[in-house]
Amino acid sequence: MACPLPHLLFFLFLLPFSGVAQTNGGNVSIGASLTAAAEAHSWLSQSGDFAFGFKEVGTNLFLLSIWYDKIPQKTIVWYANEGNSTVPRGSKVELTADRGLVLTNPQGDQIWKSDPLVGSVAYGYMNNTGNFVLKDRNLQELWESFRVPTDTMLPTQELEKRYVLTSRKTETSFSKGRFQLSMLDNGNLVLRTINLPTDHPNEPYFTSGTRDDNDSSNAGSRFVFNQSGYIYVLRGNGQRSMLGGGGAVSATDNYLRATLNFDGVFTEYYHPKTSSGNESWSVLWYEPENICTASVVTAGSGTCGYNSLCQLKTDGRPSCSCPRGYSLLDPSDQFSDCKPNFAQGCEDDHEQLYDLVELSNTDWPFSDYVLLEPFDREECRNSCLRDCLCSVSIYRDNSCWKKRIPLSNGRVVRTERSTAFVKVRKDINSSPPGPCPPDEKKPGKKHDETKAVVGSVLLGSSVFFNFVLVAAILLGFCFIYKRKDTRIPQFESVTDTNLRCFTYQELAQATNGFNEEVGKGAFSVVYKGEMNRGSGNFVAVKKLERLVQGEKEFKAEVNVIGQTHHKNLVRLIGFCNEGPNRLLVYEYMSNGTLASFLFGDTRPSWNQRIRIAYGIGRGLLYLHEECSTQIIHCDIKPQNILIDDYYNARISDFGLAKLLMIGQSQTHTDIRGTRGYVAPEWFRRMPITVKVDVYSFGVLLLEIICCRRSVDMDTSEVEKAILTDWAYDCYQEGTIDALVEGDVEAINDRAKLERFVMVAIWCIQEDPSLRPTMRKVTQMLEGVVEVNVPPCPSPFSTTILI
Ligand SMILES: *[C@@H]1O[C@H](CO)[C@@H](O)[C@H](O)[C@H]1NC(C)=O
Ligand SMILES: *[C@@H]1O[C@H](CO)[C@@H](O)[C@H](O)[C@H]1NC(C)=O
Ligand SMILES: *[C@@H]1O[C@H](CO)[C@@H](O)[C@H](O)[C@H]1NC(C)=O
């Protein structure tokens, strides 16, 4: 039997993107054309940095666009036909003299052309700057992609007054989004939302302050992203009002771009030009500082949808979530509006039918219809409960605002002193209709189903565990139990999971009849799927087999998994629980597993490996200490870490152990984990704690440092076969350079290398109490706290790795 769940293994190869490039110094002559197809040609700039052509963005969906051609992500910087942008296979773009670029569909109907155009085009030119230009015979520019920007600006690009950048709808949907960056007539550069489908703008949520009513010559005249990466507003008198970017990284060695993200954050990114293929875009600067609170805009919903709550992530980007009792209108879009799961009426016994859910540090600043003050907390709460028009009340400093839905600009901020009381109907779960009932949790009873299951593994004989290892039936207990303390970050504890309940039929459709298998484990098969065929919204559908848990337990566990939100975890989107079918739907990770990344043909760079180690550390810390329900992963190994589009490490399969339990019988004691990564306490009469993950993390960290597997029986040098032993030997003998085998980058970063090795040795201590917590581990890795000299990891016994 194979190791459990080698998940999404082959994703790396699944998104075909191919471009056979044509090089002619960037020139494109009249009559030249491109056709949308998987193996389509593109028009390259002279340097080869940028390509113009059709990029496949979904099954049979193409985008006429400009992208970075030399980096693996092929990041798109411009696209035609904004608003209704994708076209089917067989569509064609042609360069004509009279109409410029003309895009037609396979039927020959014109869909888009390069307006406005005055004069006759002599040739087109894909400039090395990323600007596609049409010129006339006198080499005058008639049309430039830089002058009809979409959501991204590139160095040397400028925005004159009235020009706008418009965000996309979502990360992967190129239709028109709600956010705009524009250079106004009054000289201000602003970020604001627009109300679709009209483009009516709301008040700005960011303003450059370069308006000057007294002296118009001094007002802002254009918005500049200069060649060195500086972003500023150029004033009439030549002064520059700097906004950000520039200086920090070299514009010659890095690609730079500034994108108005679909969530309204305008971000400058950089990406090394000469890459080993694994770098990602890093953030250089962004505005506004906090998108959740920046929007003091009375109209529009804010970055999240109506009734939603926004919380800032560490990368400056927002995360949205519905309050308890509410769910997403569009379950596939976290940024959509939240709808109440009940209808609120003015019943006679209103007060008895509803309950209030208290959310601290939370505010929806608008939509109030009455202000009561002075009023105390209890009065504020009760006043809303009794008032059948009231959906939410906000209490702060003896003031009480009663509000009606829809609520906008909801935010959760640690420094926010407001408390929100959200009204929910008590009996919303009493009538479960059909196979997909609404969420069953009752307000105030959120985690009651999640029973504490702390146990110990009682394994007497090593003969038995050898058998178990050889058989590799390494599945069993793992524990998700309710935290006893109250250090629960507010956000998770207040929000519903927003998990979507899918029907089996829907998932069969999404996966084209479970057609494309992308991973297989002992207890599950993973299929690639696409929600709403053609949307480009890919998912990974995991079909669980041999599940013997009851329906209720399944839902409880899935809810626990669904409540996790962290950038280093793979997100669960939904599930299906229909008859014998149990399926989980995850977001799709395009870059495969850490195993293929680490042990593949090209060795990832040292810096990349450091980032990945930090990411996994933070993800585990979150599972152990920061999410409302503590989760012990129990099977940390490179096959269970996936790599996302931005080369972030994302932990997968957490919380699954309980779902995959083989049998409920107590006589069947199983070991959860995988050979080489399992902590010794699994084999002893010792309680299983979060420290089992710390142990596995230590092994994984060594693998990340050394780019080799923890057990390598093929090696000619026996002393190197077991990585943990070899690493400790090297550390003791002062020869840690040997561990990275001539990786110059790592050797030059010796202090960090040594620190990482020491942390790993602390993690693999046989005595769990000696192992640090994940919090301490991340602090040590990041150099925040000193790392002491670690003791020998296994003072009592020989290795447990057989
Ligand atoms: C591109 O076309 C223009 C105009 O015909 C010409 O001046 C230029 O030399 C051409 N460049 C290359 C690299 O062929
Ligand atoms: C390409 O862009 C650069 C920078 O804006 C400009 O100086 C150059 O003239 C452009 N090349 C052509 C052929 O238009
Ligand atoms: C870009 O702007 C910065 C700040 O004003 C300036 O120092 C730099 O020289 C500019 N770079 C170029 C290429 O003009």
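Order of listing sets the numbers, starting from 1, for every ligand and every atom in it.
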What about Thr156: any of its N or O atoms under 3.5 Å from an N or O on ligand 2? no
Is there any N or O on Lys135 that sits under 3.5 Å from an N or O of ligand 2? yes
Would Gln227 count as a contact residue for ligand 2, given that I'm defining contact as a non-hydrogen atom of the residue lying under 4.0 Å from a ligand atom? no
For a quick check under 3.5 Å, do [X] and [Y] share a side-chain donor-acceptor pair by atom type?
X      : Y      : value
Asn131 : Gln157 : no
Ser91  : Asn105 : no
Asp136 : Ser120 : no

Is there a protein heavy atom less than 4.0 Å away from atom 9 (O) of ligand 1? no
Please check atom 14 (O) of ligand 2 for a protein heavy-atom neighbour under 4.0 Å. yes
Would one find an N or O of Ser228, backbone or side chain, under 3.5 Å from an N or O of ligand 3? yes
Give yes if a backbone or side-chain nitrogen or oxygen of Asn226 is under 3.5 Å from a nitrogen or oxygen of ligand 3, and no if not. yes
Aromatic contact between Trp43 and Phe50, with the criterion being ring centroids under 6.0 Å apart: yes or no?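 Judged by ring-centre distance (under 6.0 Å), Trp43 and Phe50 do not meet the cut-off.
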Would you please indicate if the ring centroids of Phe179 and Phe266 are separated by under 6.0 Å?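 When the ring centroids of Phe179 and Phe266 are compared, they turn out to be at least 6.0 Å apart.
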Just need the protein heavy atom nearest to [atom], so name the residue and atom and give the distance.
atom                   : result
atom 4 (C) of ligand 2 : Thr129 CG2, 3.9 Å
atom 2 (O) of ligand 2 : Asn127 ND2, 2.2 Å
atom 1 (C) of ligand 1 : Asn27 ND2, 1.4 Å
atom 6 (C) of ligand 3 : Arg240 NH1, 3.7 Å

Which atoms of ligand 3 sit under 4.0 Å from any heavy atom of Tyr232? 2 (O)
What are the atoms of ligand 3, with element, lying closer than 4.0 Å to any heavy atom of Tyr230? 1 (C), 2 (O), 3 (C), 4 (C)
Return yes when atom NZ of Lys169 has more than 12 non-hydrogen atoms of other residues, nucleotides or ligands closer than 6.0 Å, and no otherwise.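 Counting other residues, nucleotides and ligands, NZ of Lys169 stays at 12 neighbours or fewer.
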Pick one of side chain, backbone, both or neither for how Tyr123 approaches ligand 1, counting any non-hydrogen atom pair under 4.0 Å.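 It is the side chain that gets close, since no backbone atom is under 4.0 Å.
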Flag, side chain of Arg609 to backbone of Ile704, donor-acceptor distance under 3.5 Å: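 Checking the backbone N and O of Ile704 against the side chain of Arg609, a donor-acceptor pair under 3.5 Å is found.
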Taking Cys304 and Cys310, which are both Cys, do their SG atoms fall under 2.5 Å of each other?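 Between Cys310 and Cys304 there is no disulfide, given that their SG atoms are not under 2.5 Å apart.
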Does Arg257 qualify as a cation-pi partner of Tyr269, given the criterion of NZ or CZ under 6.0 Å from the six-membered ring centre and within 45 degrees of its axis? yes
